[in-house]
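Whatever order the structure lists ligands and atoms in, that order sets their numbers, starting from 1.
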Amino acid sequence: MKSDPIHTDGLDMAALPSHIAVIMDGNGRWAKKKLLNRVKGHEKGADTVRMVVRVCREIGISFLTLYAFSTENWQRPKAEVSALMVLLKKFVVSERQEMVVNNIRFNVIGQTEQLPEDIQGEILRTRDATRNNDGMHLNLALSYGSRSEIVKAVREIAEEVRTGQLAVDAIDENTVAAHLYTSSMPDPELLIRTSGEMRISNFLLWQIAYTEIAVTDTLWPDFTKDELVRILKDYQHRDRRFGRV
Ligand code: IPE
Ligand code: IPE
Ligand code: MG
């Protein structure tokens with residue numbers, strides 16, 4: 001699987017998005033279709049994560065942000081949440097060396113303090129191990145919710161005003177963006193959602209103001225590199241007007 005060629009014919013390598021965000025959805029439906037436990041779908045989904053990370057790095061994407069667990073996902077059955085945490089920890093540990101070797105810089109966005117302590121520790125270790133890498137930035141959105149991210153930003157800005165560091169009139173869009181988890185990244189040019197749902201599910205609400213959206217019916221465990229390349233080609237044919245003519 002590792003050395004599988006990527007068929008990039010027809011893809012303009014000079015016009016790739018710098019930041020791709022992905023709502024990785026459909027693991028449960030994939031498992032259900034196969035009469036398997038939902039957790040099997042998440043396990044298979046983790047293989048797709050590895051593939052997408054590899055392909056994006058190889059074609060030269062600078063930022064890849066993957067929605068792995070939302071603030072709302074805590075409300076799932078305890079057993080599923082625990083299984084997801086086990087898989088997450090496995091991923092963060094098992095991919096550490098691979099990321100070091102492949103010059104990937106690892107980061108997590110979201111309420112990391114809500115995660116089990118052992119996972120917080122492994123996240124820190126992987127972040128530290130990859131901190132000097134300057135190839136692709138891989139962001140995992142974990143216990144991430146865009147509304148809570150915006151609330152966090154508002155609180156921090158209000159505190160700066162309260163202490164006199166910031167004037168109300170000086171607050172602009174850059175001020176808000178600077179207080180989001182994504183402050184050091186460009187906004188995503190492309191958002192991909194698998195498994196057909198036409199919704200954003202509390203992901204990067206501020207950051208996707210002018211992002212191109214691609215929804216595919218393919219369930220995340222079935223998502224392939226060829227489909228990723230097809231979506232990228234489709235993206236390159238879009239006319240991004242940003243409100244102008
Ligand atoms: C996405 O797959 C993974 C997570 C949200 C953690 P789902 O688990 O949401 O799969 P479906 O939507 O039930 O098929
Ligand atoms: C969005 O998927 C969250 C992740 C992919 C982590 P969900 O399956 O949780 O979203 P809804 O419930 O379909 O909106
Ligand atoms: Mg889902």
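Residue contact annotation: A68 has a non-hydrogen atom under 4.0 Å from ligand 1. For the ligand labelled ligand 2, residue Q75 lies outside the 4.0 Å heavy-atom shell. Residue contacts with ligand 1 leave out S195, since none of its heavy atoms falls under 4.0 Å from the ligand. Using a 4.0 Å cutoff on heavy atoms, H42 counts as a contact of ligand 1.
Salt bridge annotation for K152-E149: absent, with no cationic side-chain nitrogen under 4.0 angstrom from a carboxylate oxygen. Using a cutoff of 4.0 Å between basic side-chain nitrogens and carboxylate oxygens, R193 and E197 are not scored as salt-bridged. Here E122 does not pair with K89 in a salt bridge; the nearest charged N to carboxylate O distance is not below 4.0 Å. Here R50 pairs with D47 in a salt bridge; the nearest charged N to carboxylate O distance falls below 4.0 Å. Between R230 and D234 no salt bridge is recorded (no basic side-chain N to carboxylate O distance below 4.0 Å). For the pair D128 and R125, the salt-bridge criterion is not met [side-chain N within less than 4.0 Å of a carboxylate O]. Using a 4.0 Å cut-off between charged side-chain N and carboxylate O, E160 and R155 make no salt bridge.
Under 4.0 Å from ligand 2, not a single heavy atom of A141 appears.
For atom 12 (O) of ligand 2, the closest heavy atom belonging to the protein is R199 NH2, 4.4 Å. If you check which protein heavy atom lies closest to atom 10 (O) of ligand 1, you get G28 N, 2.9 Å. Looking only at protein heavy atoms, the nearest one to atom 14 (O) of ligand 2 is S201 OG, 2.6 Å.
Between the choices M24, E197, R76, the shortest heavy-atom distance to atom 8 (O) of ligand 1 belongs to R76.
Not a single N or O atom of L84, backbone or side chain, sits closer than 3.5 Å to an N or O atom of ligand 1. For the pair R29 and ligand 1, the shortest N or O to N or O distance falls below 3.5 Å. Between N73 and ligand 1, a contact under 3.5 Å exists for no N or O pair.
For the Mg ion (ligand 3), the set of nearby N, O or S atoms under 2.8 Å includes one belonging to D25.
Near F69, with a cut-off below 4.0 Å to any heavy atom, the atoms of ligand 2 are 6 (C). Residue contact check: R38 has heavy atoms under 4.0 Å from atoms 7 (P), 8 (O), 10 (O), 13 (O) of ligand 1.
Taking the side chain as every heavy atom from C-beta outward, Y235 and R240 approach each other to under 4.5 Å. Counting only heavy atoms from C-beta outward, the side chains of W30 and L36 approach each other to under 4.5 Å. Side-chain contact between L232 and L190: present, with at least one pair of heavy atoms (C-beta onward) separated by less than 4.5 Å.
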